[in-house]
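This report refers to the structure that appears directly beneath it.
We use all heavy atoms of the structure for the numbers below, so side chains are in, but hydrogens, waters and symmetry mates are not.
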Amino acid sequence: MSYVLPTLTKKQEVDSIIRSTIDKVLVLRFGRASDSACLLLDDVLAKTAREVSKFATVALVDTDSEEIQVYVRYFDIALIPSTIFFFNAHHMKMDSGTADHTKWVGAFQQKQDFIDVVEAIFRGAMKGKMIVNCPLPPERIPKYQLLYKDPCLIFWKNSLRTKEAGVDGPTTWFCTRKGERHW
């Protein structure tokens with residue numbers, strides 16, 4: 001579904017969309033078009049882009065592009081997909097009960113979850129807040145545990161255990177550098 005949404009591959013494109021998006025939430029999904037978790041999130045984003053178009057703009061950022069590595073390092077994007085929110089060129093943060101308030105790591109389970117999060121960020125930003133509380137219940141927030149961090153490889157596991165997410169079995173292990181899955 002990533003062909004429906006604009007894909008940014010250059011630093012100048014990201015800079016431009018951040019500066020030019022006024023009075024709307026800018027949603028940037030950092031990830032790869034070939035990753036299955038990114039494809040699930042892209043599907044949710046594409047289906048909801050029209051519904052949130054009055055108060056949000058959605059774009060995809062290709063983390064494999066060399067020029068984008070500046071943003072990958074700046075936002076410390078070690079796990080993909082990672083979604084970052086902006087409002088009037090200001091980085092918006094969200095307290096979702098995880099250690100990292102700067103980004104949403106993982107896919108949204110439902111379309112309505114994404115809409116609720118973007119709406120909460122928009123309402124908070126309109127009130128002048130730079131950090132907002134996540135409107136989702138804790139069981140619908142992906143939990144990730146960083147197991148091993150190396151400059152070349154980052155191994156992590158998905159600890160979300162709900163039948164709605166379709167993860168009912170062994171722990172899924174990921175290697176984000178190569179996009180490989182290890183069970």
Option from Asp76, Val70, Ile77 for which side-chain contact (heavy atoms from CB on, under 4.5 Å) with Arg73 holds:
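That would be Val70.
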Tested for side-chain contact (heavy atoms from CB on, under 4.5 Å) against Thr63, the lone hit among Thr9, Val72, Asp35 is Val72
Show every salt bridge (charged side-chain N to carboxylate O under 4.0 Å, His left out) that has at least one partner inside residues 50-62, sequence neighbours left out.
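Output for this query lists Glu51-Lys111.
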Among residues at least two apart in sequence or on other chains, which ones pass side-chain contact (heavy atoms from CB on, under 4.5 Å) with [X]?
| X | answer |
| --- | --- |
| Asp113 | Phe108, Gln109, Gln110, Leu136, Arg140 |
| Glu67 | Lys10, Lys11, Gln12, Ser65 |
| Ala120 | Pro135 |
| Thr21 | Ile17, Lys24, Leu26, Thr57 |

Shortest non-hydrogen contact from [X] toward [Y]:
| X | Y | answer |
| --- | --- | --- |
| Leu5 | Ala49 | CD2-CB, 3.8 Å |
| Ala37 | Pro81 | CB-CD, 3.7 Å |
| Cys134 | Ile141 | SG-CD1, 3.9 Å |

Beyond-backbone contact of [X] with [Y], side-chain heavy atoms, under 4.5 angstrom:
| X | Y | answer |
| --- | --- | --- |
| Ile121 | Phe87 | no |
| Leu41 | Trp104 | no |
| Leu60 | Leu8 | no |
| Val52 | Val25 | no |

All pairs passing ring pair (Phe, Tyr, Trp, His ring centres under 6.0 Å) where residues 8-28 contributes a residue, at least two apart:
none
Selection residues 38-66 - residue pairs positive for ring pair (Phe, Tyr, Trp, His ring centres under 6.0 Å), sequence neighbours left out:
Phe55-Phe122
Value rounded to 0.5 Å, distance of CE in Met94 from NZ in Lys103:
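So the gap between those two atoms works out to 12.0 Å.
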Rounded to the nearest 0.5 Å, what separates atom CE in Met126 from atom CG in Asp23?
6.0 Å
Look at atom NZ of Lys129 and say whether more than 12 heavy atoms of other residues, nucleotides or ligands are closer to it than 6.0 Å.
no
Checking [X] now: which residues fulfil side-chain hydrogen bond (donor to acceptor under 3.5 Å, both in side chains) with it, not counting sequence neighbours?
| X | value |
| --- | --- |
| Arg123 | Glu119 |
| Asn133 | none |
| Ser96 | Thr98 |
| Thr102 | Asp100 |

Taking a hydrophobic cluster as the set of Ile, Leu, Val, Met, Phe, Trp and Tyr residues connected by side-chain heavy atoms closer than 4.5 Å, whether directly or through intermediates, do Val44 and Leu40 fall within one such cluster?
no
Are Tyr74 and Leu28 co-members of a hydrophobic cluster defined by side-chain heavy atoms under 4.5 Å apart?
yes
Exam field: side chain Asp95 to backbone Val132, donor-acceptor pair closer than 3.5 Å:
no
Using the ring pair (Phe, Tyr, Trp, His ring centres under 6.0 Å) criterion, which residues pair with His91? Sequence neighbours excluded.
Phe75, Phe86
In a check of salt bridge (Lys or Arg N to Asp or Glu O under 4.0 Å) between Asp42 and each of Lys47, Arg29, Arg32, which one passes?
Arg29
